[in-house]
Amino acid sequence: MTEKQKKMNKENLMLGVWSQMIKTADTVDLDLYTKYDVKKGLRDSANKGVLAGLTRIGEVHSYIIDEGEKVSVPGRLIYRGYDIEDLVNGAIEGGYPGFEEISYLLMFGDLPTREELAEFNELIGEYRELPDNFVADMIMKAPTKDMMNSLARSVLALYSFDNNADSTEISNVTKQCLSLIAKFPSLAVYGYQSFKHYYKNESLIIHSPQPNLSTAQNILYMLRDDHKYTELEARLLDMSLILHAEHGGGNNSSFTTHVVTSSGTDTYSAIAAALGSLKGPRHGGANIKVSEMFSDLKSNVEDWKDEEAIKEYLRSLLRKEAFDRSGLIYGIGHAVYTISDPRAVVFKGFVEKLAKEKGLAEEYELYASVEKLAPDVFNEFRGTSKDISANVDFYSGFVYRMLDIPEELYTPLFAIARITGWSAHRIEEIVNSGKIIRPAYKSVAQRRSYSKIDNR
């Protein structure tokens, strides 16, 4: 055994011992949360979010109070007072990409006129341009396997190119946020192209964004070698961006934006922190898990129309016998929505159209079967009768795969959309808060007498 191997073995042994010490030192008895009435994770005993703030940006509506009782209702998602279904349908009927209109609404509080939207699009088109040599010096010189880390690093690097980076004046923060909204697609796609070149030994192809194209169109234009995409492809990606743009101030990454912003830090640091939150598989990474779960299902269920075979696979998921053995059916259930996730409802019809265009109608039917069967399997397994439904992640991974978008970009696409919500929440926090967000944590460690090192 070499000295290097001996050193590594010793290090691993020490880390194993230390890990066990940490678990013993840090584990808190769950009964203490009840004893002290602590709202773990800012959630109450009914698993409902503790009211921690007020917002005028987004609303997630999933229940009503009827004679003092909580009654589940079909989910609704509301941006600045407008129902998401109306916003999506308005863009479709108007025949124009809707994500830019939604960005304007979330940032400024009102829907734009055609003239205002045209001016906004022109400005976003100008802001898409990255600083000179940024791609070569900041993205390509140190490519990473994780696109969310690449995106966060690029955001922090942009701080160095801003002569007024630390100012929290509203006009300055607005300019910074609009610039980031415009640049996110390029930062994500270029990060992926660099990864593909250096880690997969594929050709490096960098396409510049086009100022006359929408955000969704530019993503497909920059990502594909031949620039080509269909109208339905661009529309469905645009819809995905709209549906992911905002989800209230309490979702993990938007709340992170509020918390970090309340410290008085700069825009780049706040957005990088939100990216770190979104990267987590419990938040933005769930769509990848859905895609991987369906790959496993297809390898284990031969007949996709055999409902009993599908049910048995779902039971094996809950028994922690299949896929990643987490005991979860990914894409089914949501922290807030019960009867339905309005984003999944809006998405579903268009997903079916794209599946038919791509010759994947049978696979769409498999998704639809799992969506139908999973709630019953879940309640049968748990012995409950809870309302449970598919969430937006259930279909988004399937959509991205049909659009030939690599899995490495699934969560960055979420970020490209959600940067609008984060920006709005950052500005809202600056406008309304004069205090740092600091919830209390009660110490439950026993007091101990100090002993000198030779006496331990």
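Predicted model only: the values in this text are computed from it and were never measured.
- Checked by atom type and distance alone, the side chain of Ser291 never pairs as donor or acceptor with a backbone atom of Ile288 at under 3.5 Å.
- Between Glu363 and Lys358, no side-chain nitrogen of the basic residue sits less than 4.0 Å from a carboxylate oxygen of the acidic one, so the salt-bridge criterion is not met.
- For the pair Ser154 (side chain) and Leu187 (backbone), a donor-acceptor distance under 3.5 Å is absent.
- With hydrogens and angles ignored, the 3.5 Å screen pairs no side-chain donor or acceptor of Asp341 with any backbone N or O of Ala390.
- Separation of atoms CD1 (Ile84) and CE (Met239) is listed at 10.0 Å; rounding is to 0.5 Å.
- In this structure, Phe161 has its ring center closer than 6.0 angstrom to the ring center of Phe134.
- The six-membered or imidazole ring of Phe414 lies away from that of His247, with a centre-to-centre distance of 6.0 Å or more.
- Classification of the Phe195-Tyr192 ring pair by plane angle, with boundaries at 30° and 60°, yields tilted.
- Side-chain atoms of Glu101 do not come within 3.5 Å of backbone N or O of Gly98 as any donor-acceptor pair.
- Aromatic pair Tyr229/Tyr221: ring centres not closer than 6.0 Å.
- Proximity of a side-chain donor or acceptor of Asn121 to a complementary backbone N or O of Ala118 within less than 3.5 Å is not detected.
- In summary, the side chains of Asp166 and Tyr159 do present a donor paired with an acceptor at a separation below 3.5 Å, with no hydrogens or angles considered.
- Open room surrounds CD on Glu115; 12 or fewer heavy atoms of other groups in view lie less than 6.0 Å from it.
- For the side chain to side chain donor-acceptor pair (under 3.5 Å) with Thr55, the lone residue among His258, Glu246, Glu428 that qualifies is Glu428.
- Note on Lys356 versus Glu352: salt bridge recorded, some NZ/NE/NH1/NH2 to OD/OE distance being below 4.0 Å.
- Remark: the Asn252 side chain and the Arg282 side chain contain no N/O donor-acceptor pair separated by less than 3.5 Å.
- Between Leu275 and Ala415, the closest heavy-atom pair is CD2-CB, 3.6 Å.
- The environment of Asp26 atom CG is dense: over 12 non-hydrogen atoms of other residues, nucleotides or ligands sit within 6.0 angstrom.
- Residues Cys177 and Thr267 share a closest heavy-atom pair of SG-CG2, 4.1 Å.
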* To do: List the steps, then state whether side chain to side chain donor-acceptor pair (under 3.5 Å) holds for Asp387 with Ser389.
  => CA-CA 7 Å; Asp387 290 317; Ser389 62; over 6 Å; no
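- The aromatic rings of Phe398 and Tyr367 sit parallel to each other, their planes meeting at less than 30°, with 60° as the upper class boundary.
- Note on Glu429 versus Arg426: no salt bridge recorded, every NZ/NE/NH1/NH2 to OD/OE distance being 4.0 Å or above.
- Surrounding CD of Glu129 are at most 12 heavy atoms belonging to other residues, nucleotides or ligands under 6.0 Å away.
- Atom CD1 of residue Ile219 and atom CG of residue Leu213 lie 11.5 Å apart, to the nearest 0.5 angstrom.
- Taking both residues in full, the closest heavy atoms of Ser194 and Ile139 are given as OG-CG2, 3.7 Å, listed atom of the first, atom of the second, then distance.
- Counting heavy-atom neighbours within 6.0 Å of Lys196 NZ, excluding the residue itself, gives a total above 12.
- Other residues, nucleotides and ligands place no more than 12 heavy atoms under 6.0 Å from the CG atom of Asn163.
- Heavy atoms of other residues, nucleotides or ligands lying less than 6.0 angstrom from CG of Leu15 number more than 12.
- Ring to ring, Tyr410 and Tyr400 are close: their centroids are under 6.0 angstrom apart.
- Under a 3.5 Å cut-off, the side chain of Thr257 and the backbone N or O of Ser253 do form a donor-acceptor pair.
- Checked by atom type, the side-chain pair Asp146/Thr144 shows no donor-acceptor distance below 3.5 Å.
- Listed here is the closest heavy atom pair of Ser423 and Met107: CB-SD, 3.5 Å.
- In this structure, the side chain of Asn218 engages the main chain of Gln210 through a donor-acceptor pair within 3.5 Å.
- Under 3.5 Å, the side chains of Tyr330 and Glu292 contain no donor-acceptor pair of N or O atoms.
- Looking at His207, its side chain does come within 3.5 Å of a backbone N or O of Asp225 through a donor-acceptor pair.
- Here the side chain of Asn287 pairs no donor or acceptor atom with the backbone of Ser396 at under 3.5 angstrom.
- A salt bridge is absent between Lys228 and Glu233; no separation between the charged side-chain nitrogens and carboxylate oxygens falls under 4.0 Å.
- Glu59 CD to Ile78 CD1: the interatomic distance, rounded to the nearest 0.5 Å, is 4.0 Å.
- Judged by distance alone, with hydrogens and angles left aside, the side-chain atoms of Asn12 form a donor-acceptor pair with the main-chain N or O of Met8 at under 3.5 Å.
- Annotation: the span from Ile416 atom CD1 to Leu409 atom CG amounts to 7.0 Å, rounded to 0.5 Å.
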